[in-house]
Amino acid sequence: MLQPTRTKFRKAHKGRIHGNASRCNKMNYGSFGLKALQPDRVISKQIEAARVALTRHMKRQGRVWTRVFPNIPVSKKPTEVRMGKGKGSPEFWACRVKPGRILFEVDGVSEQIAKEALYKASAKLPIKTKFIRRIS
């Protein structure tokens with residue numbers, strides 16, 4: 001799974017996801033991409049599952065760029081534990097995704113294969129997405 005090697009703080013506030021993406025909202029690497037349409041947290045397992053589905057459908061041809069990285073620790077208290085007694089321990093890593101953010105970019109394959117592969121990857125994510133192509 002993806003996770004940072006070290007962080008400044010062990011636990012993070014939940015926070016809210018406001019507005020549209022101002023960074024990573026333009027295609028930089030590939031010809032085709034997957035753009036987020038909803039705000040939500042995407043977990044490292046979901047990113048990895050989407051990446052695997054993408055590369056499997058492309059039969060390891062072409063190139064894939066992952067434009068999201070899970071850098072926020074999400075803590076959870078154990079089941080059947082009473083309220084209070086502090087915050088739970090970090091359970092998994094997530095990435096806050098704003099609408100308009102490019103999640104994956106693909107190059108080196110035909111548009112048909114890229115569209116099908118990115119559709120399969122989008123099924124692994126908890127948000128609505130849109131297939132986009134680079135305007136040259």
Flag if over 12 foreign heavy atoms under 6.0 Å of NZ, K98: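 More than 12 within 6.0 Å, yes.
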Within 6.0 angstrom of K124 NZ, more than 12 heavy atoms from elsewhere: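 Open: at most 12 neighbouring heavy atoms sit under 6.0 Å from NZ of K124.
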Closest contact, heavy atoms only, [X] versus [Y]:
| X | Y | result |
| --- | --- | --- |
| V109 | Q61 | CG1-O, 4.0 Å |
| M58 | A117 | CG-CB, 3.9 Å |
| P39 | I17 | CB-CG2, 3.7 Å |
| I102 | E105 | CG2-CG, 3.7 Å |

Those residues that, when tested against K11, pass side chain to side chain contact (heavy atoms under 4.5 Å, CB included) (two or more places apart):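 K87, P90.
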In the structure I gave you, are the side-chain heavy atoms of [X] and [Y] within less than 4.5 Å of one another anywhere?
| X | Y | result |
| --- | --- | --- |
| F131 | F32 | yes |
| R67 | N28 | yes |
| V74 | W93 | no |
| R96 | R101 | no |
| L54 | L118 | yes |
| L125 | L34 | yes |
| R41 | I72 | no |
| I127 | L103 | yes |

Trace of the salt bridge (charged side-chain N to carboxylate O under 4.0 Å, His left out) decision for R51 with E48: CA-CA 5 Å; R51 188 196 62 78; E48 182 62 17; 2.7 Å; yes
From K76 atom NZ to F92 atom CZ, the distance as rounded to the nearest 0.5 Å: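 Taking NZ in K76 and CZ in F92, the distance rounds to 5.5 Å.
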Atom pair CD/NZ of Q38 and K130 - distance to nearest 0.5 Å: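 Rounded to the nearest 0.5 Å, the CD-NZ separation comes out at 13.5 Å.
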Which pairs of donor and acceptor atoms, one on a side chain in residues 2-10, lie under 3.5 Å apart (sequence neighbours left out)?
{"residue": "T7", "atom": "OG1", "partner": "F9", "partner atom": "O", "Å": "2.9"}

For Y29, all residues meeting ring pair (Phe, Tyr, Trp, His ring centres under 6.0 Å), sequence neighbours excluded: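 With neighbours one apart ignored, the set is W65.
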K77 side chain vs G86 backbone, donor-acceptor pair below 3.5 Å: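 Here the side-chain-to-backbone pair exists.
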G30 backbone acceptor or donor facing R63 side chain under 3.5 Å: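 No, R63 side chain to G30 backbone: no donor-acceptor pair under 3.5 Å.
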I43 reachable from F69 in the ILVMFWY side-chain graph, under 4.5 Å edges: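 No, no single cluster joins them.
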Shared hydrophobic cluster for F104 and M27 (ILVMFWY, side-chain gaps under 4.5 Å):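 No.
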